[in-house]
Amino acid sequence: NLQGLLTQEELFEAYKDSIRAKVKAALEASDDFVEFHDQYFLADLLVEFHEGLFNIADAAIDINQGPLPIDALIEQMSLVDGSEITEVLRFSVSYRLANDDRFDDVGPTGQVLWYLKRLEPPEAHQRPPRLAISELPDYDPAEFEDELLAILADIDDEYSYPEDIPATPANAKAVTIVLNYPHWRAGTLPLTPKTQPFFPTSTYNPVRFEFVDGHTGDVFPGWSMLNGHYICGLDKWYQKHKLPVGAYLELKRTNDPMRLIIDYQPTRAQRDWVRVATVVNHQLAFRMNTQAINCKYDELMIIGDPNPNQTDRLWQNAEEKGVSLYELLIQVFPELSKLNPQSTVHVKTLYSAVNVIRRFAPGSVIQELGLHACFVPMHHGYYTFDPSLQD
């Protein structure tokens, strides 16, 4: 530095966040500029072409039965005649496609892939109602004992604070997670620090990739929603393999970053005694029943639901009434404790049960248990219930 002065690069590095925000605000306030994926260009310099060419783009994507990169669409639209495709042309076509209701960019970060919105599932643009949180988590993990923190880290829920879930190393080839009730019902998976490294994502748009069934080899589309923290496209796969809530699911990399193997851990078909959700007098109840199980599962999380449509009506009613987490715990604890000779219930089981009716983060469940004397902590994440100490 000359006499202690900073260079342009050093000044930008020190104040880049403030500078970028001000420049972006100025660009967005001006009619002279247009934007696509945080890139800006002068509107008057956009390449002009006939709107009818977008019908050709629509047909090309439809015939391809999958997304097409921008260069392929430009060639299909005959916008170049043997000449090199320029960045100006790429930006111009992408900008106009992005502002046409028929098209959607479904590429991961750094890659633009155009697809047709009419071919996308609704969940690619709107969070499934079953995943909507009842109240934003506001728990304090500093108040949790170590064994409860370990349980919190072990539950794969996108509403846990990211720092409470151990991140999977970027070079890991596989990861195992437990399927919870809301995602089982919605045909989705959570995007957390544990699962996110396995999926292609983008901050701008849903990303279309492909699942490979680890058992059959069948290939089917999946969608990653980074901003919504979930993956969709698994409803038919769950049904096909008759997977229960609590099933262990495996995600495995392939050589193609846009393809991911999804699998479960098979066992010899058998009938196990599991807790089953039912509706009695317009309330959630549980009983033990035998159910055909063909996979390994978390015994603390498993819940059978032979009549999910009936459960949905109970969920809808609880949403309309705004039933609190405390009310739900008071309701389900006696139902679950009667299934255990010791009358104890584990945190994981309580979390799994309340989420049948309303969506709550595991941290919120743990904190709520600690706020009321009627929930008596035992050891290793187990609690008993003393109704005489209810608020």
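Everything numeric in this text was worked out from a predicted model, so none of it was measured. Note that these values count all heavy atoms, side chains included, but never hydrogens, waters or copies made by symmetry.
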| query | Under a 4.0 Å N-O cut-off, is there an ion pair linking K240 with D213? | reply | yes
| message | Within the structure provided, determine whether S364 and Y159 are in side-chain contact (heavy-atom separation under 4.5 Å). | response | no
| said: If hydrophobic clusters are built from ILVMFWY residues whose side chains come within less than 4.5 Å, do Y382 and V354 share one? | reply: no
| Do other residues, nucleotides or ligands put more than 12 heavy atoms under 6.0 Å from K338 NZ? | yes
| field | hydrophobic_cluster_shared for L284 and V245, side chain cutoff 4.5 Å | value | yes
| Distance-only, no hydrogens or angles: does the S160 side chain make a donor-acceptor pair with backbone N or O of I155 under 3.5 Å? | no
| Nearest 0.5 Å, what's the OG1-CG distance between T188 and L179? | 8.0 Å
| query | Does the ring centre of F211 sit less than 6.0 Å away from the ring centre of F209? | reply | yes
| remark: Closest heavy-atom pair, S352 versus M301, reported as atoms and distance to 0.1 Å, is OG-O, 2.8 Å
| request: May I ask whether L97 and L68 are part of the same hydrophobic cluster, defined by side-chain heavy atoms of I, L, V, M, F, W, Y residues being less than 4.5 angstrom apart, directly or through others? | output: yes
| request: Decide whether Q270 and D272 meet the rule of one side-chain donor and one side-chain acceptor closer than 3.5 Å. | output: yes
| Are more than 12 heavy atoms from other residues, nucleotides or ligands located less than 6.0 Å from atom CD of E163? | yes
| message | I want to check something: taking the side chain as every heavy atom from C-beta on, are L243 and W237 in contact at a cut-off of under 4.5 Å? | response | yes
| message | Are the side chains of Y351 and I151 in contact, using a 4.5 Å heavy-atom criterion? | response | no
| request: Specify the closest pair of heavy atoms between H50 and G52, including all atoms of both residues, with the distance to one decimal. | output: ND1-N, 2.8 Å
| Is there a donor-acceptor contact under 3.5 Å from the side chain of Q367 to the main chain of D138? | yes
| field | Any side-chain heavy-atom pair of C374 and L329 under 4.5 Å | value | no
| query | Would you say the side chain of D105 lies within less than 4.5 Å of the side chain of S94, judging by non-hydrogen atoms? | reply | no
| field | Chi angles and distances behind the salt bridge (charged side-chain N to carboxylate O under 4.0 Å, His left out) call for R96, E48 | value | CA-CA 10 Å; R96 298 197 185 281; E48 296 292 338; 3.2 Å; yes
| task | Please check if the distance between the ring centroids of Y161 and Y139 is under 6.0 Å. | result | yes
| Single hit among V207, V112, N227, L226 for side-chain contact (heavy atoms from CB on, under 4.5 Å) with S202 | V207
| So among R359, K194, R127, which one has a salt bridge (Lys or Arg N to Asp or Glu O under 4.0 Å) with E158? | R359
| message | Which heavy atom of A361 sits nearest to which heavy atom of I133, and what is that distance? | response | N-CD1, 3.9 Å
| Aromatic contact, F41 with F91 (centres under 6.0 Å) | yes
| query | Looking only at atom types and distance, does a side-chain atom of E335 sit under 3.5 Å from a main-chain N or O of F286, one as donor and one as acceptor? | reply | yes
| request: Give a yes or no answer on whether the side chain of R275 reaches the backbone of L339 with a donor-acceptor pair at less than 3.5 Å. | output: no
| field | Evaluation steps, salt bridge (charged side-chain N to carboxylate O under 4.0 Å, His left out), between D58 and R118 | value | CA-CA 11 Å; D58 186 313; R118 69 171 183 270; 3.0 Å; yes
| query | Mind checking whether L189 and L251 have side chains closer than 4.5 Å, heavy atoms only? | reply | yes
| said: With a 3.5 Å distance limit and no angle check, can you tell me whether R271 reaches the backbone of T290 through a side-chain donor-acceptor pair? | reply: yes
| query | Can you name the closest pair of heavy atoms from G217 and V212 and give their distance? | reply | O-CG1, 4.0 Å
| task | Please report the closest heavy-atom contact between Q291 and P244, naming both atoms and the distance. | result | NE2-CB, 4.2 Å
| task | Considering only NZ, NE, NH1 and NH2 on the basic side and carboxylate oxygens on the acidic side, decide whether K348 and E299 come within less than 4.0 Å. | result | no
| Parallel, tilted or perpendicular, as decided by the 30° and 60° cut-offs, for the rings of F375 and Y326 | perpendicular
| field | Separation of L113 CG from N205 CG (nearest 0.5 Å) | value | 9.0 Å
| message | Return the CG to CD distance between L325 and E368, rounded to the nearest 0.5 Å. | response | 4.5 Å
| query | Considering the options V93, I70, L79, I74, which one meets the side-chain contact (heavy atoms from CB on, under 4.5 Å) requirement together with I85? | reply | I74
Validation: residues 384-391 side-chain donor-acceptor distances under 3.5 Å, sequence neighbours left out:
| unit_1 | atom_1 | unit_2 | atom_2 | d |
| --- | --- | --- | --- | --- |
| D386 | OD1 | S388 | N | 3.1 |
| D386 | OD1 | S388 | OG | 2.6 |
| D386 | OD2 | S388 | OG | 3.4 |
| D391 | OD2 | H372 | ND1 | 2.5 |

| Cationic tip of R102 above F54 ring, under 6.0 Å, 45° of axis | no
| note | Heavy-atom closest pair (A174 atom, F198 atom, distance to 0.1 Å) is C-CZ, 3.5 Å
| Distance (rounded to the nearest 0.5 Å) between E87 CD and S92 OG | 10.5 Å
| Any side-chain heavy atom of R253 within less than 4.5 Å of one from P197? | yes
| Side-chain (S134) to main-chain (S324) donor-acceptor, under 3.5 angstrom | no
| message | Keeping E147 on the side-chain end and H380 on the backbone end, is there a donor-acceptor pair under 3.5 Å? | response | yes
| field | H215 and Y264 aromatic centres sub-6.0 Å | value | yes
| From CA spacing to verdict: side-chain contact (heavy atoms from CB on, under 4.5 Å), L131, E123 | CA-CA 11 Å; L131 299 187; E123 297 82 10; over 6 Å; no
| task | Look at the side-chain heavy atoms of Ile, Leu, Val, Met, Phe, Trp and Tyr, link any pair under 4.5 Å apart, and say whether M77 and F103 land in one connected group. | result | yes
| query | How long is the gap from OG1 on T349 to CD1 on I303, to the nearest 0.5 Å? | reply | 7.5 Å
| task | Start with the C-alpha gap between D38 and E35, add the side-chain angles, then the distance that decides, and say whether side-chain contact (heavy atoms from CB on, under 4.5 Å) holds. | result | CA-CA 6 Å; D38 281 342; E35 179 269 341; 3.9 Å; yes
| said: Between T278 and N307, does the side-chain contact (heavy atoms from CB on, under 4.5 Å) criterion hold? Intermediate values first, please. | reply: CA-CA 8 Å; T278 185; N307 195 344; over 6 Å; no
| Taking a hydrophobic cluster as the set of Ile, Leu, Val, Met, Phe, Trp and Tyr residues connected by side-chain heavy atoms closer than 4.5 Å, whether directly or through intermediates, do I165 and V175 fall within one such cluster? | no
| query | Does any non-hydrogen side-chain atom of N340 lie less than 4.5 Å from one of V345? | reply | no
| field | Test salt bridge (charged side-chain N to carboxylate O under 4.0 Å, His left out) applied to R208 and D104, step by step | value | CA-CA 10 Å; R208 185 186 187 275; D104 200 17; over 6 Å; no
| Derivation of the side-chain contact (heavy atoms from CB on, under 4.5 Å) call for L249 and Y238 | CA-CA 10 Å; L249 303 181; Y238 292 160; 4.0 Å; yes
| field | Reported CG-to-CG distance for the pair D157 and N180, which is rounded to 0.5 angstrom | value | 6.0 Å
| query | Do we see a donor-acceptor contact under 3.5 Å between the side chains of H183 and D156? | reply | no
